[in-house]
Amino acid sequence: MINITLPDGSIKEFPNSPTGADIAKSISEGLFRNCVAVEIDGEIKDLNCKIEKDARVRLITTKDKDALGIMRHSAAHVMAHAILCLYKQAKLTIGPIIEDGFYYDIDMEPVSQEDFLKIEAEMQKIIKAKLPFARKEIGKKEALEFYKEDPYKTELISELEDGTISFYSQGDFTDLCRGPHVPHTGFIEAVQLTKVSGAYWRADQKNDQLQRIYGTAFFSQKELKAYMRFLEEAKKRNHRKVGAVLDLFSFHDEARGMPFFHAKGMEIWNTLLDFWRKEHKKAGYIETKTPLILNRKLWEKSGHWENYRENMYTTKIDEEDYAIKPMNCPGGMLLYGLKPRSYKDLPIRAAEIGLVHRHELSGVLSGLFRVRAFHQDDAHIFMTEAQIHDEILGVLRFAEKIYSTFGLDFHLELSTRPEQFIGTDEQWETATSGLEAALKIYNKEYKINEKDGAFYGPKIDMHIEDALGRTWQCGTIQLDMSLPERFDLSYIDNRNEKVRPIMIHRVIYGSVERFLGILIEHFAGRFPLWLSPVQIIILPINDEIIPYAEKVKAEFENKNFKVEIDKRTESLNKKVRNAQINKIPLIVTIGAKEKEADTLSVRTLDGKVKYGIAKKEFIDKVIDNISDKNLKLIF
RNA sequence: GCCAGCGUAGCUCAGCUGGUAGAGCUACUGAUUUGUAAUCAGUGGGUCGGGGGUUCGAGUCCCUCCGCUGGCUCCA
């Protein structure tokens with residue numbers, strides 16, 4: 001007898017080695033039809049996997065959060081199967097699932113999106129056939145024999161241990177795979193190929209370039225359609241597009257990857273930095289500024305010349321080598337080292353909006369998200385060991401305050417010591433536990449990325465989440481055990497001894513350019529009033545009223561509102577349409593009635609119009625919205 | 001840098017298998033003086049990304065360079 005414990009605690013008895021399918025059927029036929037896999041004592045297995053001993057069992061239905069990944073992995077197999085049918089000489093490599101779908105890296109002739117239709121058609125045949133996925137455990141020798149013509153699979157198998165190797169087949173297709181899979185191909189209800197790219201075998205440029213074909217799959221056409229709508233929405237919000245319509249910035253061939261900001265872009269830029277400066281001052285930061293071009297000797301001292309050279313722009317001045325800074329830290333070190341420091345001075349929180357240049361590969365440039373010149377909202381905090389966790393905690397709380405002002409939620413990731421590192425075990429221990437202690441007090445869940453820290457210290461990354469649920473790494477807090485050493489920084493402690501300070505680098509916006517890009521997409525160009533480059537547009541109803549409208553405009557400007565007036569002899573409808581397209585939050589129409597009554601009619605971007613609002617009331621409300629940094633206009 | 005796709009007026013796009021470039025919006029001019037998402041008419045605007053080639057003839061075919069987009073790699 002086998003005793004199966006179900007998640008609700010109930011126990012079912014089976015005479016001999018039941019499968020997940022048997023268990024499902026014993027409960028209901030409907031449940032069985034929706035089951036894709038089964039979790040046995042915490043491990044997810046195929047539904048037809050025999051359960052040989054008493055176990056805790058959880059049936060995974062299509063509704064389960066684990067189901068989607070299992071099915072997408074099966075979809076990757078189906079795609080590979082279809083491709084092998086169409087491209088006989090293709091060789092498969094790896095085909096994992098990713099965040100919103102799957103891909104398969106295949107050694108084959110280059111394909112383009114036009115080929116998707118026929119691949120998808122072939123996939124549909126396989127799906128319609130409802131071919132069962134069959135697992136076969138196989139010896140290493142046999143596996144190598146099976147793939148003797150295939151260098152990729154041979155390489156993969158040779159890294160596996162004998163006894164752990166399994167193959168999965170559907171129809172005449174077989175692939176090396178750990179599993180699990182859905183019971184049959186018919187579970188792949190909605191599937192679509194999304195993109196192709198070249199990808200190197202084992203991510204190494206020296207290796208062959210493979211075709212990476214991406215796809216996504218869902219349990220229903222409805223979900224697939226919703227996902228496609230999401231992609232559409234993201235496209236509509238694309239900051240490059242919105243930035244052009246709103247006249248915020250542009251790119252020119254004369255300076256690839258280096259944005260030009262227009263007047264309206266600068267309005268937002270300055271608002272972002274005004275806010276930033278005010279908050280930093282309140283949080284006990286000083287602001288500094290270091291030069292753009294610094295002597296090679298400094299970069300040699302900091303280690304950048306050795307480790308970061310290929311990303312640096314260099315130049316010669318008076319026969320000496322210089323580099324345009326790719327990071328602000330070495331300059332910051334010089335400022336700290338300027339004079340003897342006392343423990344009483346610490347912590348020193350020195351911020352710098354530093355313009356850095358990095359020579360990124362041409363292919364990676366992407367709007368404001370990936371550029372070659374950008375401003376970091378940097379700060380270097382110098383402190384004693386005892387101050388580590390207070391300072392880290394301070395930065396976390398500070399960042400939260402900043403992000404929440406934009407309505408951005410975020411999550412944290414801690415990266416620990418990598419394979420290659422400098423410093424002693426003890427230093428790493430102190431540093432890492434300092435970060436962890438702060439995270440614990442901060443009391444927000446965080447993910448640990450083992451061995452993902454910088455070689456010079458552990459770090460905490462802050463990933464914000466935008467209105468579409470996409471995440472972006474913005475903030476980072478990096479403990480640096482290298483630079484204070486290299487620059488021989490010190491402070492005098494209370495026993496008159498020289499001590500090396502602990503230093504962190506931290507950014508909150510990250511790159512101001514990129515943060516602005518994220519905000520554009522987050523708000524879809526409809527900035528909250530305090531951030532809007534144009535807050536109010538005045539639409540005079542006819543030419544006669546223009547002088548009065550100008551007076552109102554001057555009045556608004558006196559209050560520091562960002563206001564424009566549309567004096568064109570166009571229909572009101574057209575001017576309204578224009579203002580809506582330009583996403584100006586407050587569209588104010590002025591005609592004889594308004595002049596008479598000292599009122600305004602105010603249209604907001606939702607298309608609603610309020611007539612007869614007293615001018616004074618309007619001004620007060622605008623002031624309130626701006627000073628409260630309201631995310632939603634309260635009017 | 002690599003793979004794939006793309007590059008026609010300021011913007012959005014049309015231009016079939018090669019036969020000497022087109023629309024809407026914008027801009028400008030005139031009329032209209034407008035009450036909440038495009039008033040009407042007229043005018044201007046392009047060495048079809050650059051260069052080279054094939055051809056009697058190239059926006060269209062080929063080569064090459066540049067740029068853009070999606071990925072790879074890297075990262076803020």
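Side-chain atoms are counted along with the backbone in the values below, which use heavy atoms only and exclude waters and symmetry mates. In what follows, chains carry the letters A, B, and so on, assigned in the order in which the sequence lines appear, proteins first and then strands, with residues in each chain numbered from 1. Given the structure is predicted, the values throughout are model-derived calculations rather than measurements.
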*List in chain and number order the residues that pass side-chain hydrogen bond (donor to acceptor under 3.5 Å, both in side chains) with A:Q535, two or more places apart in sequence or in another chain; answer none if no residue qualifies.*
none
Atom pairs and distances, donor-acceptor, side-chain atoms in residues 581-595 of chain A, under 3.5 Å, two or more places apart:
unit_1: A:N582; atom_1: ND2; unit_2: A:N578; atom_2: O; d: 3.1
unit_1: A:E594; atom_1: OE1; unit_2: A:G591; atom_2: N; d: 2.8
unit_1: A:E594; atom_1: OE2; unit_2: A:S601; atom_2: OG; d: 3.1

*Results of side chain to side chain contact (heavy atoms under 4.5 Å, CB included) for A:E450 - residues two or more places apart only*: A:T416, A:I448
*Residues which pass side chain to side chain contact (heavy atoms under 4.5 Å, CB included) with A:N307, listed by chain and number, not counting sequence neighbours*: A:F455
*Is the distance between the ring centroids of A:Y456 and A:F421 under 6.0 Å?*
no
_Holding to side-chain hydrogen bond (donor to acceptor under 3.5 Å, both in side chains), I want the full list of residues that pass it with A:W269, two or more places apart in sequence or in another chain._
none
*Give the B/S/- string for nucleotides 71-76 of chain B, one per nucleotide from 5' to 3', where a protein heavy atom under 4.0 Å of the base yields B, of only the sugar-phosphate yields S, and otherwise -.*
BBBBBB
Output side-chain donor-acceptor pairs under 3.5 Å for residues 460-467 of chain A, partner residues at least two apart or in another chain, one line each.
unit_1: A:D461; atom_1: OD1; unit_2: A:T476; atom_2: OG1; d: 2.8
unit_1: A:D461; atom_1: OD2; unit_2: A:K459; atom_2: NZ; d: 3.3
unit_1: A:D466; atom_1: OD1; unit_2: A:L468; atom_2: N; d: 2.8
unit_1: A:D466; atom_1: OD1; unit_2: A:G469; atom_2: N; d: 3.1
unit_1: A:D466; atom_1: OD1; unit_2: A:R470; atom_2: N; d: 3.0
unit_1: A:D466; atom_1: OD2; unit_2: A:R470; atom_2: NE; d: 2.9
unit_1: A:D466; atom_1: OD2; unit_2: A:R470; atom_2: NH2; d: 2.9
unit_1: A:D466; atom_1: OD2; unit_2: A:W472; atom_2: NE1; d: 3.1

_Taking pairing as Watson-Crick or G-U wobble with both contacts under 3.5 Å, can you name the mate of B:G19, or confirm there isn't one?_
B:C56
_Base paired to B:G24 (Watson-Crick or G-U; both N/O distances under 3.5 angstrom)_ = B:C11
*Using 4.0 Å as the upper bound for N to carboxylate O, is an ion pair formed by A:D409 and A:K444?*
yes
*Phosphate contact (B:U69 OP1 or OP2) by A:K241 side-chain N/O below 4.0 Å*: no
*asked:* Pairing donors with acceptors under 3.5 angstrom, does anything connect the side chains of A:H505 and A:D480?
replied: yes
*Give me the residues of residues 251-263 of chain A where at least one heavy atom lies under 4.0 Å from an atom of RNA chain B, by number, or none.*
A:D253, A:R256
*Identify, with sequence neighbours excluded, every residue that meets side-chain hydrogen bond (donor to acceptor under 3.5 Å, both in side chains) alongside A:Y285.*
A:R506
*asked:* For B:U69 and A:R240 - does any side-chain N or O of the residue sit under 4.0 Å from the phosphate oxygens OP1/OP2?
replied: yes
_I need the residues from residues 582-603 of chain A with at least one non-hydrogen atom less than 4.0 Å from RNA chain B; give them sorted by number, or say none._
A:T589, A:G591, A:A592, A:K593, A:E594, A:S601, A:R603
*Do nucleotides 41-49 of chain B as a string where each nucleotide becomes B, S or -: B if the base has a protein heavy atom under 4.0 Å, S if just the sugar-phosphate does, - if no protein is that close.*
---------
Quick test: give all pairs of protein nitrogen or oxygen and nucleotides 32-34 of chain B nitrogen or oxygen below 3.5 Å, distance rounded to 0.1 Å.
unit_1: B:U33; atom_1: O2; unit_2: A:D543; atom_2: N; d: 3.1
unit_1: B:U33; atom_1: N3; unit_2: A:D543; atom_2: OD2; d: 2.7
unit_1: B:U33; atom_1: O4; unit_2: A:D543; atom_2: OD2; d: 2.8
unit_1: B:U34; atom_1: O2'; unit_2: A:L572; atom_2: N; d: 3.3
unit_1: B:U34; atom_1: O4; unit_2: A:T569; atom_2: O; d: 3.1

